[in-house]
Student: 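Let me give you the structure first, and then I'll get to my questions.
Note that these values count all heavy atoms, side chains included, but never hydrogens, waters or copies made by symmetry. Residues: numbered from 1 along the sequence shown. Only a predicted model underlies this, so the values are computations on that prediction, with no experimental measurement involved.
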Amino acid sequence: MTDSAPHIEVMRSQLGRARGLGAGGSGTAHWWAERVTAASLLPLSTWFIVQMFRLGGADHKDVVKWGGKPVNATMLTALIITTFYHAQLGLQVIVDDYVHGKAHLPTRILVKLITSLLGLLGVFAVIKLVAAGNRRS
């Protein structure tokens, strides 16, 4: 005599078993966030490249003066925040697709932590640039 649990056969179709196993509804918002950040990075990156060509050969004083202007500081901050948020979104997709098991959650947290820290360092650098630019004025 075996003490195994009785086998209960469920009469459900393949579709019935698959329902509820898809995305939790956040996929669309994530997809849109990726597209919006990518679209906003186009003009921000173009602005930054043009500005770097304009500042080519400039000395430190001129760069600090340029960075101390409110419009330039705002654009730099927007570029940094958007870049690292976009990177976090893309890396999250990679982690979701390729990291499984117990390592999934710590890896997602690590990605968010690293991208947030790098973005914060970039914003802090802009704040220092603005402070130095205002001191020299």
Student: Looking only at atom types and distance, does a side-chain atom of His86 sit under 3.5 Å from a main-chain N or O of Leu41, one as donor and one as acceptor?
Tutor: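 Looks like no, no N/O pair under 3.5 Å.
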
Student: Mind checking whether Ile49 and Met52 have side chains closer than 4.5 Å, heavy atoms only?
Tutor: no

Student: For residues Ile109 and Tyr98: do they belong to one hydrophobic cluster (side chain heavy atoms under 4.5 Å, members Ile, Leu, Val, Met, Phe, Trp, Tyr)?
Tutor: no

Student: What pairs of residues pass the salt bridge (charged side-chain N to carboxylate O under 4.0 Å, His left out) test when at least one of them lies in residues 35-55, not counting sequence neighbours?
Tutor: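 Residue pairs passing salt bridge (charged side-chain N to carboxylate O under 4.0 Å, His left out), neighbours aside: none found.
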
Student: Minimum heavy-atom separation for Glu34 to Val93, with atom names?
Tutor: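 Closest heavy-atom pair between Glu34 and Val93: OE2-CG2, 3.5 Å.
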
Student: Tell me, which pairs form a salt bridge (charged side-chain N to carboxylate O under 4.0 Å, His left out) where one or both residues lie in residues 88-99, sequence neighbours left out?
Tutor: Asp96-Arg108

Student: Would you kindly confirm whether Leu120 and Tyr85 end up in one hydrophobic cluster when ILVMFWY residues are joined by side chain heavy atoms under 4.5 Å apart?
Tutor: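 No: no chain of side-chain contacts under 4.5 Å links Leu120 to Tyr85.
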
Student: Thr83 and Leu79: which non-hydrogen atoms are nearest, and at how many Å?
Tutor: OG1-O, 2.6 Å

Student: Do Leu55 and Leu44 land in one hydrophobic cluster if side-chain heavy atoms of ILVMFWY residues count as linked below 4.5 Å?
Tutor: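 Shared cluster, yes.
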
Student: Assess whether atom CZ of Phe84 is packed by more than 12 heavy atoms of other residues, nucleotides or ligands within 6.0 Å.
Tutor: yes

Student: Report yes or no: do Ile94 and Val99 belong to one cluster of Ile/Leu/Val/Met/Phe/Trp/Tyr joined by side chain heavy-atom distances under 4.5 Å?
Tutor: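 Per the 4.5 Å side-chain linkage, Ile94 and Val99 are co-clustered.
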
Student: Count I, L, V, M, F, W, Y as connected when their side-chain heavy atoms are under 4.5 Å apart, and connections chain through other members. Are Leu91 and Trp31 then in the same cluster?
Tutor: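 No; tracing contacts between hydrophobic side chains, which count when under 4.5 Å, never links both residues.
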
Student: Kindly indicate, with the supporting measurements, whether the criterion side chain to side chain contact (heavy atoms under 4.5 Å, CB included) is fulfilled by Met75 and Gln51.
Tutor: CA-CA 11 Å; Met75 294 289 282; Gln51 295 302 311; over 6 Å; no

Student: Side-chain contact test, heavy atoms from C-beta onward, threshold under 4.5 Å: evaluate it for Trp47 versus Asn72 and give yes or no.
Tutor: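 Yes; the side chains approach each other to less than 4.5 Å.
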
Student: Strictly distance-based, threshold 3.5 Å: is any side-chain N or O of Thr115 a donor or acceptor partner for the main-chain N or O of Lys112?
Tutor: yes

Student: I'd like to know if the side chain of Ser40 and the backbone of Thr37 have a donor-acceptor N/O pair within less than 3.5 Å.
Tutor: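 Yes, because the side chain of Ser40 sits within donor-acceptor range (under 3.5 Å) of the backbone of Thr37.
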
Student: Shortest non-hydrogen contact from Thr82 to Ala78?
Tutor: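 Result for this residue pair: OG1-O, 2.7 Å.
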
Student: Nearest heavy-atom pair of Ala132 and Val64: which atoms, and what distance?
Tutor: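 Where Ala132 meets Val64 most closely, the heavy atoms are C-CG1, 3.6 Å.
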
Student: Checking Thr77 now: which residues fulfil side-chain hydrogen bond (donor to acceptor under 3.5 Å, both in side chains) with it, not counting sequence neighbours?
Tutor: none

Student: Looking only at heavy atoms, which two atoms of Ala73 and Gly67 are closest? And how far apart?
Tutor: CB-O, 3.7 Å

Student: Per the side-chain contact (heavy atoms from CB on, under 4.5 Å) rule, which among Val123, Val130, Ile81, Leu129 passes with Leu76?
Tutor: Leu129

